[in-house]
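Worksheet: one structure, shown below.
Bear in mind that the values here come from a model prediction, so they are computed numbers and not experimental data.
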Amino acid sequence: MEIQKRKEGDVTILSLDGRLDLTSASSLKEASKDILENDSKKMVLNLDGVDFINSSGLGALVSILKEVRNSQGSMRLSNLAPYVKEIFDITQLTNIFDIFSDEKQALSSY
Amino acid sequence: MKESLKLIFPAKWESLQIAEDLFSTISKNITTDSRTAYHVRTVLSEGFSNAYLYGNSNLPEAIIIVEMCFNSKTFTANIINDGRGFADNDIKWNEFPSGDNESGRGLKIIKQLCDKLEYKRISEDKFGIFIEIKLQKEEEKQKLI
(Lines give C-alpha, C1' and ligand atoms only; values in the text may rest on other atoms or scores of the structure.)
Protein backbone atom coordinates (compact mmCIF):
# COMPACT_ATOMS: atom_id res chain seq x y z
CA MET A 1 0.00 0.00 0.00
CA GLU A 2 1.23 3.49 -0.83
CA ILE A 3 0.87 6.32 1.64
CA GLN A 4 1.16 9.95 0.61
CA LYS A 5 1.31 12.70 3.18
CA ARG A 6 0.49 16.38 2.85
CA LYS A 7 -0.71 19.21 5.05
CA GLU A 8 -3.66 21.53 4.84
CA GLY A 9 -3.18 24.14 7.55
CA ASP A 10 -2.69 22.27 10.81
CA VAL A 11 -4.24 19.04 9.51
CA THR A 12 -2.11 16.24 8.10
CA ILE A 13 -3.72 14.21 5.36
CA LEU A 14 -2.67 10.69 4.57
CA SER A 15 -3.88 9.44 1.22
CA LEU A 16 -3.84 5.66 1.07
CA ASP A 17 -3.67 3.59 -2.09
CA GLY A 18 -3.94 -0.18 -2.26
CA ARG A 19 -5.22 -2.75 0.17
CA LEU A 20 -5.22 -2.32 3.93
CA ASP A 21 -4.51 -5.73 5.39
CA LEU A 22 -2.00 -7.57 7.56
CA THR A 23 0.90 -6.79 5.22
CA SER A 24 0.28 -3.04 5.15
CA ALA A 25 -1.06 -2.46 8.65
CA SER A 26 2.29 -1.84 10.31
CA SER A 27 3.48 0.71 7.76
CA LEU A 28 0.29 2.72 8.24
CA LYS A 29 0.67 2.61 12.02
CA GLU A 30 4.28 3.76 11.71
CA ALA A 31 3.33 6.63 9.41
CA SER A 32 0.59 7.77 11.77
CA LYS A 33 2.83 7.52 14.82
CA ASP A 34 5.41 9.66 13.05
CA ILE A 35 2.80 12.32 12.32
CA LEU A 36 1.59 12.43 15.91
CA GLU A 37 5.11 12.72 17.24
CA ASN A 38 6.49 15.19 14.72
CA ASP A 39 3.74 16.79 12.75
CA SER A 40 0.25 17.51 13.96
CA LYS A 41 -2.43 16.13 16.21
CA LYS A 42 -5.12 16.43 13.54
CA MET A 43 -5.31 13.77 10.87
CA VAL A 44 -7.46 12.88 7.92
CA LEU A 45 -7.03 9.45 6.39
CA ASN A 46 -8.31 9.55 2.82
CA LEU A 47 -9.20 5.99 1.80
CA ASP A 48 -10.19 6.83 -1.77
CA GLY A 49 -7.46 4.56 -3.13
CA VAL A 50 -8.19 1.68 -0.74
CA ASP A 51 -9.92 -1.02 -2.73
CA PHE A 52 -9.86 -3.62 0.05
CA ILE A 53 -9.74 -3.76 3.82
CA ASN A 54 -9.85 -6.73 6.16
CA SER A 55 -9.92 -7.09 9.94
CA SER A 56 -6.15 -6.53 10.19
CA GLY A 57 -6.57 -3.22 8.41
CA LEU A 58 -9.44 -2.33 10.70
CA GLY A 59 -7.26 -3.25 13.67
CA ALA A 60 -4.58 -0.88 12.42
CA LEU A 61 -7.09 1.95 12.19
CA VAL A 62 -8.35 1.19 15.70
CA SER A 63 -4.78 1.21 16.96
CA ILE A 64 -4.13 4.56 15.29
CA LEU A 65 -7.32 6.00 16.74
CA LYS A 66 -6.23 4.95 20.22
CA GLU A 67 -2.83 6.61 19.73
CA VAL A 68 -4.50 9.75 18.42
CA ARG A 69 -6.81 9.96 21.40
CA ASN A 70 -3.96 9.29 23.84
CA SER A 71 -2.17 12.23 22.22
CA GLN A 72 -5.25 14.44 22.65
CA GLY A 73 -5.53 14.54 18.88
CA SER A 74 -8.33 13.80 16.45
CA MET A 75 -8.76 11.73 13.36
CA ARG A 76 -11.20 11.58 10.47
CA LEU A 77 -11.69 9.00 7.73
CA SER A 78 -12.91 9.99 4.29
CA ASN A 79 -13.74 8.63 0.83
CA LEU A 80 -14.55 5.07 1.82
CA ALA A 81 -15.49 2.92 -1.17
CA PRO A 82 -18.95 1.31 -0.81
CA TYR A 83 -17.70 -2.21 -0.10
CA VAL A 84 -15.07 -0.93 2.31
CA LYS A 85 -17.79 1.04 4.10
CA GLU A 86 -19.86 -2.14 4.27
CA ILE A 87 -17.12 -3.82 6.32
CA PHE A 88 -17.15 -0.87 8.71
CA ASP A 89 -20.93 -1.21 9.00
CA ILE A 90 -20.78 -4.96 9.65
CA THR A 91 -18.20 -4.53 12.41
CA GLN A 92 -20.05 -1.50 13.86
CA LEU A 93 -16.93 0.62 13.50
CA THR A 94 -18.99 3.36 11.89
CA ASN A 95 -19.98 4.13 15.49
CA ILE A 96 -16.33 4.54 16.50
CA PHE A 97 -14.76 6.52 13.67
CA ASP A 98 -15.69 9.94 12.31
CA ILE A 99 -16.33 9.09 8.66
CA PHE A 100 -16.94 11.63 5.91
CA SER A 101 -17.86 11.09 2.29
CA ASP A 102 -15.06 13.27 1.01
CA GLU A 103 -11.86 14.90 2.16
CA LYS A 104 -13.26 18.42 1.93
CA GLN A 105 -16.01 17.62 4.42
CA ALA A 106 -13.52 15.90 6.71
CA LEU A 107 -11.30 18.98 6.71
CA SER A 108 -14.25 21.31 7.21
CA SER A 109 -15.25 19.37 10.32
CA TYR A 110 -12.16 20.65 12.13
CA MET B 1 -19.90 -27.26 -14.49
CA LYS B 2 -17.79 -27.15 -11.34
CA GLU B 3 -14.36 -25.61 -11.11
CA SER B 4 -12.00 -26.46 -8.30
CA LEU B 5 -8.68 -25.19 -7.13
CA LYS B 6 -6.35 -26.23 -4.34
CA LEU B 7 -3.63 -23.91 -3.09
CA ILE B 8 -0.98 -24.87 -0.56
CA PHE B 9 1.02 -22.11 1.10
CA PRO B 10 3.88 -22.23 3.58
CA ALA B 11 2.52 -20.54 6.71
CA LYS B 12 4.99 -17.69 6.38
CA TRP B 13 4.74 -13.91 6.14
CA GLU B 14 5.80 -14.00 2.49
CA SER B 15 2.74 -16.07 1.61
CA LEU B 16 0.30 -13.36 2.74
CA GLN B 17 0.85 -11.00 -0.17
CA ILE B 18 0.81 -13.83 -2.70
CA ALA B 19 -2.39 -15.20 -1.23
CA GLU B 20 -4.09 -11.78 -1.20
CA ASP B 21 -3.15 -11.22 -4.85
CA LEU B 22 -4.59 -14.61 -5.79
CA PHE B 23 -7.80 -14.09 -3.81
CA SER B 24 -8.33 -10.76 -5.55
CA THR B 25 -7.95 -12.31 -9.00
CA ILE B 26 -9.95 -15.45 -8.25
CA SER B 27 -12.89 -13.60 -6.72
CA LYS B 28 -13.28 -11.39 -9.80
CA ASN B 29 -13.31 -14.41 -12.06
CA ILE B 30 -15.96 -16.49 -10.34
CA THR B 31 -18.85 -14.03 -10.42
CA THR B 32 -19.90 -10.93 -12.31
CA ASP B 33 -21.58 -9.48 -9.23
CA SER B 34 -18.97 -7.14 -7.78
CA ARG B 35 -20.39 -7.11 -4.27
CA THR B 36 -20.42 -10.91 -4.05
CA ALA B 37 -16.90 -11.01 -5.50
CA TYR B 38 -15.82 -8.63 -2.74
CA HIS B 39 -17.43 -10.87 -0.14
CA VAL B 40 -15.63 -13.92 -1.51
CA ARG B 41 -12.32 -12.07 -1.48
CA THR B 42 -12.92 -10.85 2.07
CA VAL B 43 -13.84 -14.27 3.39
CA LEU B 44 -10.76 -15.87 1.84
CA SER B 45 -8.54 -13.09 3.15
CA GLU B 46 -9.95 -13.32 6.66
CA GLY B 47 -9.75 -17.11 6.74
CA PHE B 48 -6.18 -17.09 5.52
CA SER B 49 -5.06 -14.33 7.88
CA ASN B 50 -6.70 -16.14 10.77
CA ALA B 51 -4.95 -19.38 9.82
CA TYR B 52 -1.62 -17.57 9.64
CA LEU B 53 -2.00 -15.63 12.87
CA TYR B 54 -3.52 -18.29 15.08
CA GLY B 55 -2.34 -21.51 13.52
CA ASN B 56 1.02 -23.00 14.38
CA SER B 57 2.91 -20.80 11.97
CA ASN B 58 5.98 -21.10 14.17
CA LEU B 59 6.40 -24.70 13.04
CA PRO B 60 8.92 -24.75 10.20
CA GLU B 61 6.83 -27.12 8.08
CA ALA B 62 3.46 -25.46 8.82
CA ILE B 63 1.23 -24.99 5.80
CA ILE B 64 -2.12 -23.40 5.00
CA ILE B 65 -4.34 -25.19 2.49
CA VAL B 66 -7.08 -23.34 0.60
CA GLU B 67 -9.42 -25.57 -1.39
CA MET B 68 -12.01 -23.83 -3.53
CA CYS B 69 -14.89 -25.15 -5.57
CA PHE B 70 -17.43 -23.13 -7.52
CA ASN B 71 -20.03 -23.14 -10.24
CA SER B 72 -22.45 -20.45 -11.35
CA LYS B 73 -24.48 -20.75 -8.16
CA THR B 74 -22.20 -21.50 -5.25
CA PHE B 75 -18.68 -20.88 -4.03
CA THR B 76 -17.22 -23.08 -1.30
CA ALA B 77 -13.84 -23.03 0.34
CA ASN B 78 -11.99 -24.99 2.96
CA ILE B 79 -9.14 -23.26 4.73
CA ILE B 80 -7.06 -25.71 6.70
CA ASN B 81 -4.11 -24.96 8.92
CA ASP B 82 -1.84 -26.62 11.43
CA GLY B 83 -3.03 -25.95 14.93
CA ARG B 84 -5.70 -26.81 17.41
CA GLY B 85 -8.18 -24.19 16.22
CA PHE B 86 -11.03 -22.88 18.33
CA ALA B 87 -14.19 -24.14 19.95
CA ASP B 88 -17.65 -22.73 19.36
CA ASN B 89 -17.88 -21.38 22.88
CA ASP B 90 -14.64 -19.46 22.38
CA ILE B 91 -16.46 -17.04 20.10
CA LYS B 92 -19.39 -14.74 20.78
CA TRP B 93 -20.57 -14.70 17.20
CA ASN B 94 -23.08 -11.87 17.50
CA GLU B 95 -20.86 -9.44 19.34
CA PHE B 96 -18.20 -7.40 17.65
CA PRO B 97 -15.30 -6.06 19.71
CA SER B 98 -15.53 -2.54 21.04
CA GLY B 99 -13.54 0.28 19.54
CA ASP B 100 -10.68 -0.36 21.96
CA ASN B 101 -9.97 -3.81 20.64
CA GLU B 102 -7.63 -4.15 17.71
CA SER B 103 -8.45 -7.79 17.04
CA GLY B 104 -11.29 -10.26 17.25
CA ARG B 105 -13.27 -9.30 14.13
CA GLY B 106 -12.02 -11.65 11.42
CA LEU B 107 -14.05 -14.78 12.05
CA LYS B 108 -17.16 -12.73 12.76
CA ILE B 109 -16.80 -10.95 9.44
CA ILE B 110 -16.66 -14.35 7.76
CA LYS B 111 -19.79 -15.40 9.61
CA GLN B 112 -21.65 -12.30 8.45
CA LEU B 113 -20.65 -12.63 4.79
CA CYS B 114 -21.09 -16.39 4.34
CA ASP B 115 -24.28 -18.31 3.79
CA LYS B 116 -22.75 -21.23 5.65
CA LEU B 117 -19.77 -21.51 8.00
CA GLU B 118 -18.55 -24.66 9.69
CA TYR B 119 -15.37 -25.37 11.55
CA LYS B 120 -13.87 -28.48 12.96
CA ARG B 121 -10.72 -30.12 14.15
CA ILE B 122 -9.65 -32.41 11.33
CA SER B 123 -6.96 -34.18 13.32
CA GLU B 124 -5.04 -33.57 16.51
CA ASP B 125 -2.96 -30.90 14.83
CA LYS B 126 -5.06 -29.73 11.89
CA PHE B 127 -8.05 -27.42 11.94
CA GLY B 128 -10.29 -26.16 9.20
CA ILE B 129 -13.05 -23.71 8.43
CA PHE B 130 -15.55 -24.47 5.69
CA ILE B 131 -17.48 -21.71 4.01
CA GLU B 132 -20.19 -21.41 1.39
CA ILE B 133 -21.35 -18.31 -0.43
CA LYS B 134 -24.24 -18.28 -2.87
CA LEU B 135 -23.24 -16.48 -6.04
CA GLN B 136 -26.67 -15.88 -7.51
CA LYS B 137 -28.19 -13.73 -4.78
CA GLU B 138 -28.73 -10.64 -6.93
CA GLU B 139 -30.17 -12.60 -9.86
CA GLU B 140 -32.53 -14.46 -7.52
CA LYS B 141 -33.71 -11.19 -6.05
CA GLN B 142 -34.39 -9.80 -9.52
CA LYS B 143 -36.48 -12.82 -10.43
CA LEU B 144 -38.67 -12.28 -7.39
CA ILE B 145 -39.44 -8.65 -8.27
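The line from CD1 of I90(A) to CG of L113(B) is 4.5 Å long, rounded to the nearest 0.5 Å. Here CG of D21(A) is found 4.5 Å from CD of E20(B). Values are rounded to the nearest 0.5 Å. With rounding to the nearest 0.5 Å, the separation of CG in D21(B) from CZ in R19(A) is 4.5 Å. Interatomic distance, OG of S98(B) versus CG of L93(A), reported as 9.5 Å (0.5 Å rounding).
Annotation: maximal heavy-atom pairing with chain B below 4.5 Å, among T91(A), N95(A), L65(A), occurs at T91(A).
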Decide side chain to side chain contact (heavy atoms under 4.5 Å, CB included) for N101(B) and V62(A); before the verdict, give the C-alpha distance in whole Å, the side-chain angles of both, and the deciding distance to 0.1 Å. CA-CA 7 Å; N101(B) 289 316; V62(A) 168; over 6 Å; no
Determine, stepwise, if the pair Y38(B) / I87(A) fulfils side chain to side chain contact (heavy atoms under 4.5 Å, CB included). CA-CA 10 Å; Y38(B) 193 86; I87(A) 302 301; 4.1 Å; yes
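When hydrophobic clusters are built by joining Ile, Leu, Val, Met, Phe, Trp and Tyr residues whose side-chain heavy atoms come closer than 4.5 Å, directly or via intermediates, V11(A) is not grouped with F100(A). In this structure, L36(A) is a member of the same hydrophobic cluster as I3(A), with clusters built from ILVMFWY side-chain heavy atoms closer than 4.5 Å. The same ILVMFWY cluster, assembled from side-chain heavy atoms under 4.5 Å apart, contains both F75(B) and V66(B). A single hydrophobic cluster is not seen to contain both I131(B) and I80(B); linkage of ILVMFWY side chains at heavy-atom distances under 4.5 Å, directly or through other members, places them apart. Hydrophobic clustering, with ILVMFWY side chains joined whenever heavy atoms are under 4.5 angstrom apart, groups Y54(B) together with F127(B).
Shown here is K7(A), whose NZ atom has more than 12 heavy atoms of other residues, nucleotides or ligands within 6.0 Å. No more than 12 heavy atoms of other residues, nucleotides or ligands lie within 6.0 Å of CD in Q4(A), so this atom counts as exposed by the packing criterion. Atom NZ of K111(B) has more than 12 heavy atoms from other residues, nucleotides or ligands within 6.0 Å. In E37(A), the CD atom is crowded: over 12 heavy atoms of neighbouring residues, nucleotides or ligands sit closer than 6.0 Å.
Neither the backbone nor the side chain of R69(A) comes within contact range of chain B, judged by heavy atoms closer than 4.5 Å. Heavy atoms closer than 4.5 Å to chain A are found in both the backbone and the side chain of T42(B).
Here the side chain of K66(A) pairs a donor or acceptor atom with the backbone of D100(B) at under 3.5 angstrom.
Judged as a ring-ring contact (aromatic ring centres under 6.0 Å, His included), and not counting sequence neighbours, the contacts of F88(A) are F97(A).
Residues from residues 39-54 of chain A that place a non-hydrogen atom less than 4.5 Å from a non-hydrogen atom of chain B comprise D51(A), F52(A), I53(A), N54(A), given in numerical order. At a heavy-atom separation below 4.5 angstrom, chain A is approached by W13(B), L16(B), Q17(B) within residues 11-18 of chain B. Of all residues in residues 22-31 of chain A, those placing a non-hydrogen atom less than 4.5 angstrom from a non-hydrogen atom of chain B are L22(A), T23(A), K29(A).
Of all non-hydrogen atoms in S55(A) and G106(B), the two that sit nearest each other are OG-CA, 3.5 Å.
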